[in-house]
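Written below as structure tokens is the structure these notes are about.
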Amino acid sequence: MIQRLNPSDFSLAAEVIRASFATVAKDLGLTEQNCPKYVGFVTTTERLQTHHSWGWLMYGLYEKERLVGYVSISKEADGVYEIHNLAVLPEHRHKSYGKQLLDFCMEKVSELGGIKVTISITEENTVLKDWYTAYGFVHTGTKKYEHLPFTSGYMKLEVSSWESK
């Protein structure tokens, strides 16, 4: 079950994000010393409250009554939405929860009148990049930020492409 989160859920959501992104950090050798601004290290209840105040829509995926997945959506421009921090706890992966969250986001963006969805990823995370590509996302470019030890990758998907699947 996927439902919109309330501020009272943000503490648990922050834990889900940190635990989910910790596996990527480990795989890529990211630490709080070499990448202190990595989402897996900086996501807190307060950070999620800030995102909420910006108008981000935040959702949790529940297994029984336990929060095991998270995703948020923000409106970036007319018809353009960004998906942020799609996360599933490591012990709950390979149950199609990531796809359920992605499907949910695409349906929600369509309901909101969106025509395009964008995402940013860690470019070196080829497993994740391939996962999004399999669902129709197209790579649009990269950017190397001085404060990050990895390259940021950018992808997009036209909502109409998703709906035709």
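Note that the structure is a prediction, hence the values are computed from the model and not measured. Heavy atoms only: backbone and side chains are in, while hydrogens, waters and symmetry mates are out.
- Without hydrogens or angle criteria, T31 side chain to N34 main chain gives a donor-acceptor distance under 3.5 Å.
- Formation of a donor-acceptor pair under 3.5 Å by the S110 side chain with backbone atoms of M106 is not found in this model.
- Although no hydrogens or angles enter the test, the distance criterion places a donor-acceptor pair under 3.5 Å between the side chain of E124 and the main chain of T151.
- Annotation: side-chain hydrogen bond (donor to acceptor under 3.5 Å, both in side chains) contacts of Y132 (sequence neighbours excluded): none.
- Y97 and H92 get closest at one heavy-atom pair: CD1-O, 3.4 Å.
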Show the atom names and distances, to 0.1 Å, of all donor-acceptor pairs under 3.5 Å that link a side chain in residues 10-19 to residues at least two apart or in another chain.
from: R18; atom 1: NH1; to: T43; atom 2: O; distance (Å): 2.6

Counting only pairs under 3.5 Å, give me each side-chain donor-acceptor contact of residues 22-30, with atom names and distances, residues two or more places apart or in other chains.
from: T23; atom 1: OG1; to: S20; atom 2: O; distance (Å): 3.0
from: T23; atom 1: OG1; to: R93; atom 2: NH1; distance (Å): 3.0
from: T23; atom 1: OG1; to: R93; atom 2: NH2; distance (Å): 3.3

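- Ion pairing of E63 with R66 is absent here, as no side-chain N (NZ or NE/NH1/NH2) approaches a carboxylate O to less than 4.0 Å.
- In terms of modelled atom types and a separation under 3.5 Å, the side chain of S53 and the main chain of T50 share a donor-acceptor contact.
- Taking the six-membered ring for Trp and thresholds of 30 and 60 degrees, Y135 and W131 have ring planes more than 60 degrees apart, a perpendicular arrangement.
- More than 12 heavy-atom neighbours from other residues, nucleotides or ligands sit within 6.0 angstrom of NZ on K144.
- For the side-chain hydrogen bond (donor to acceptor under 3.5 Å, both in side chains) test, no residue two or more places apart in sequence or in another chain qualifies with H52.
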Check: residues 76-86 side-chain donor-acceptor pairs under 3.5 Å, at least two apart:
from: E76; atom 1: OE2; to: S74; atom 2: OG; distance (Å): 2.4
from: H84; atom 1: NE2; to: S74; atom 2: OG; distance (Å): 2.7

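- Open room surrounds NZ on K143; 12 or fewer heavy atoms of other groups in view lie less than 6.0 Å from it.
- The distance from atom OG of S72 to atom CG of L101, rounded to the nearest 0.5 Å, is 10.5 Å.
- The aromatic rings of Y145 and H147 sit tilted, their planes meeting at an angle between 30° and 60°.
- Partners of P36 under the side chain to side chain contact (heavy atoms under 4.5 Å, CB included) rule, at least two apart in sequence or in another chain, do not exist in this structure.
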